[in-house]
Amino acid sequence: MTADPIRQLLREMPFVPFDLHLANGKAIHIHHPDFASLGPGGRVMIVWAPTGDGFDLIDVLLVNNVSVPPPVGASA
């Protein structure tokens with residue numbers, strides 16, 4: 001994946017939380033744009049844990065999919 005779709009989701013107003021699905025099967029939840037940052041080249045992304053005590057360093061090329069969960073209370 002390229003950084004462009006992720007960058008666009010991080011800039012959405014209002015922001016909508018989303019999940020990054022990685023090649024190793026792990027999913028990373030982005031709950032607020034202040035906790036995620038793409039590097040200037042768009043190849044690397046850092047996502048801080050909600051507590052601020054840890055982080056995930058992600059190779060954007062290893063992101064297989066991005067999903068945006070439906071809003072709470074949305075009907076199917």
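When side chains are defined from C-beta on, His31 counts as touching Pro50, because their heavy atoms get closer than 4.5 Å. In this structure, His32 and Pro17 have side chains that are not in contact, with every pair of non-hydrogen atoms separated by 4.5 Å or more. Side-chain contact check for Asp19 versus Pro69: some heavy-atom pair is nearer than 4.5 Å.
Hydrophobic clustering keeps Leu62 apart from Phe55 (ILVMFWY residues linked when any side-chain heavy atoms are closer than 4.5 Å, directly or through intermediates). One hydrophobic cluster holds both Leu10 and Val68 under the rule that ILVMFWY side chains link at heavy-atom gaps under 4.5 Å.
Shown here are the ring pair (Phe, Tyr, Trp, His ring centres under 6.0 Å) partners of His21, two or more places apart in sequence or in another chain: there are none. Partners of Val66 under the side chain to side chain contact (heavy atoms under 4.5 Å, CB included) rule, at least two apart in sequence or in another chain, are Met1, Ile6, Leu9, Phe18, Leu20, Val63.
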Taking only distance into account, with no hydrogens and no angle test, what donor-acceptor pairs under 3.5 Å do side-chain atoms of residues 34-48 form with protein atoms, sequence neighbours excluded?
residue: Arg43; atom: NE; partner: Asp59; partner atom: OD1; Å: 2.9
residue: Arg43; atom: NH2; partner: Asp59; partner atom: OD2; Å: 3.0

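When Asn65, Asn64, Ile58 are each tested for a side chain to side chain contact (heavy atoms under 4.5 Å, CB included) with Leu22, only one passes: Ile58.
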